[in-house]
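Read the structure below first, then the notes.
In listed order, ligands and their atoms are each counted from 1. Numbers here simply count residues along the sequence, with the first being 1.
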Amino acid sequence: MSFDLVLFGGTGDLAWRKLMPALFQAFRHGTLPPGGRIIGVARDDLSDAQYRELIQSRFDKVELAKRPSAEEFARFAALLHYVRMDLSKPEDYGRLATLLKDANADTVVMYVATAPTLFTTVCEQLAVAGLNTPHTRIVLEKPLGHDLASNRTINETVLRGFAERQVFRIDHYLGKPSVQNLFALRFGNALFEPLWRRENIANIQITIAEELGVEKRGAFYDSTGALRDMVQNHALQLLCAIGMEPPINAHADAIRDEKLKVLRSLKPWTPQSLSQHVIRGQYSAGTIDGVAVPAYRDEPGVNAESNTETFVALRTEIANWRWAGVPFYIRTGKRLADRDADIVVNFRPAPHAIFKTPAGAANQLVINLQPKDGLELHLLAQGADNRRQQQSLAPVQLDLDFDKRFGAERVGAYERLLLDVIDGRLNLFVRSDEQEEAWRWVEPIIDVWKADGEGLRSYAAGTWGPSASSAMIARDGYCWSEEC
Ligand code: BG6
């Protein structure tokens with residue numbers, strides 16, 4: 001099967017950091033279908049040869065194991081081509097059309113890795129130039145809009161030129177091996193399903209913590225913030241994966257229908273829940289791994305009086321028969337104490353205690369997403385001190401480390417997702433109605449923050465966020481996993 005992959009933003013940050021390395025890995029693993037071309041598109045005046053040199057220089061900086069040899073890069077470079085285009089000029093699309101027509105590939109992938117402001121223009125112009133043929137697929141990177149209305153405008157524009165089955169909305173969290181394992185845990189094993197409900201589960205905590213700050217993306221981040229950057233997409237997708245009903249099969253729409261139902265069941269916000277159950281914070285100067293780091297407001301590209309949040313913690317519920325009354329906590333932030341993404345499922349304690357157990361002890365299932373990919377099952381067992389008469393139990397842990405079991409060098413998120421686009425598999429991509437529902441749910445938070453300049457709390461870089469986040473969860477009688 002031949003393919004053309006057109007990379008709008010071919011010299012941009014995403015192509016540089018994620019897409020080219022992922023495409024090279026797929027090439028190296030032999031999974032990239034033969035007979036393909038990768039066509040970088042940008043405004044710079046470059047020849048194919050210059051574009052290849054530019055991409056080669058990108059690999060000089062990668063770790064040795066992932067660096068191509070000269071001979072290997074030469075074979076990969078043969079796939080690379082370049083077209084100079086000003087995406088706002090309709091006449092420039094003709095040049096791309098000619099190049100694509102020459103090859104007449106079985107599949108054409110249009111990957112729009114540009115500034116979000118160009119998404120609608122690119123989609124419209126592709127349609128005008130007749131480049132929206134039935135064998136074309138379009139890939140859109142997040143963020144898709146900054147609120148429900150702008151998201152709808154993008155979706156409507158895209159869907160005027162392309163059918164929904166041609167649109168691949170990326171949420172790279174869905175491509176992570178750990179998220180595949182979450183689906184496998186829930187829907188490939190019968191063990192947990194009977195326990196997976198309100199009768200047995202006290203609360204669920206989703207944490208995506210980063211040590212990194214905003215790096216070179218200060219200007220983008222300052223107009224975005226943690227709610228739009230992480231909660232509206234990655235965290236809500238994880239919440240869907242943990243809370244959804246078993247789909248009837250593994251087809252894309254069966255999975256997406258169930259995720260949509262979760263999003264529709266999220267408890268609507270009230271003025272009271274908005275004020276008590278949503279915490280936003282911004283980091284001040286602090287220390288990460290012993291190194292002093294600046295405050296968010298001192299980062300390059302960030303407004304010195306910025307009120308953008310770099311941390312969000314919130315509590316919600318999925319209002320349906322399975323989950324009614326079970327709190328789901330979401331927490332994400334930059335410059336936190338650790339790089340750590342996990343989902344902690346806290347089971348209810350045994351209904352009647354005949355043994356001595358540590359206060360509050362109960363079973364826990366931890367799904368580790370990052371930096372390691374694995375499962376921990378926390379049980380209570382007779383500890384080492386079993387000579388005593390009275391029987392007392394101690395917590396023990398069963399560990400399943402997928403990195404050790406399967407090797408840490410599994411297919412990365414972007415590699416997996418790019419291959420899925422080329423093969424036309426939509427399972428791990430977000431449908432427009434899911435995305436709109438997620439925006440609909442976060443919008444009241446955006447609105448209340450806009451109206452209230454007071455609620456932003458400061459936290460020192462290198463901590464777990466503002467103390468209000470711990471206070472919020474403590475009001476329910478629980479604590480974040482690292483605090484208990
Ligand atoms: C991106 C966000 O979507 O995800 C970034 O825009 C964030 O701000 C990144 O750092 C986190 O991804 P990962 O895979 O490193 O957890």
for atom 11 (C) of ligand 1, nearest protein heavy atom and its distance come out as Glu210 OE1, 3.7 Å
Residue, atom name and distance, where the atom is the protein heavy atom closest to atom 15 (O) of ligand 1: Arg339 NH2, 4.2 Å
Between the main-chain N or O of Asp229 and the side-chain N or O of Lys142, is there a donor-acceptor pair closer than 3.5 Å? yes
Check: Arg137 side chain, Thr107 main-chain N or O, donor-acceptor pair, under 3.5 Å: no
Ligand 1 atoms in contact with Lys334 (distance to a heavy atom under 4.0 Å): 5 (C), 7 (C), 8 (O), 10 (O)
Quick check: Tyr221 and ligand 1, any N/O pair under 3.5 Å apart? no
In terms of residue, atom name and distance, what is the protein heavy atom nearest to atom 5 (C) of ligand 1? Arg217 NH2, 3.1 Å
Give the table of side-chain donor-acceptor pairs shorter than 3.5 Å for residues 114-124, with sequence neighbours excluded, one pair per line with atom names and distance.
none

Which ligand 1 atoms does Gln370 reach within 4.0 Å, using its non-hydrogen atoms? 14 (O), 16 (O)
Return the residue, atom name and 0.1 Å-rounded distance of the protein heavy atom closest to atom 6 (O) of ligand 1. Asp229 OD1, 2.6 Å
Could you tell me whether the side chain of Phe192 reaches within less than 4.5 Å of the side chain of Arg186, counting heavy atoms only? no
For ligand 1, which is the ligand I care about here, please tell me if Lys142 has any N or O atom under 3.5 Å from one of the ligand's N or O atoms. yes
Heavy-atom contact check, 4.0 Å cutoff: does Tyr173 meet ligand 1? yes
Nearest to atom 12 (O) of ligand 1, what protein heavy atom do you find, and at what distance? His172 NE2, 3.2 Å
What verdict does the side-chain hydrogen bond (donor to acceptor under 3.5 Å, both in side chains) test give for Trp480 and Ser469, after you've listed the backbone C-alpha separation in whole Å, the side-chain angles of each residue and the deciding distance to 0.1 Å? CA-CA 9 Å; Trp480 293 112; Ser469 145; 2.9 Å; yes
Please check: side-chain N/O of Thr316 versus main-chain N/O of Phe328, any donor-acceptor pairing under 3.5 Å? no
Cut-off 3.5 Å, no hydrogens considered: what does the side-chain donor-acceptor table look like for residues 6-20, sequence neighbours left out?
from  : atom 1 : to    : atom 2 : distance (Å)
Thr11 : OG1    : Asp44 : OD1    : 3.4
Asp13 : OD1    : Arg17 : NE     : 3.3
Asp13 : OD2    : Arg17 : NE     : 3.0
Asp13 : OD2    : Arg17 : NH2    : 3.1

Among all protein heavy atoms in this structure, tell me which lies nearest to atom 14 (O) of ligand 1, with the distance rounded to 0.1 Å. Lys176 NZ, 2.6 Å
Please identify which of these residues, Leu174, Val167, Leu144, meets the side-chain contact (heavy atoms from CB on, under 4.5 Å) condition with Val430. Leu174
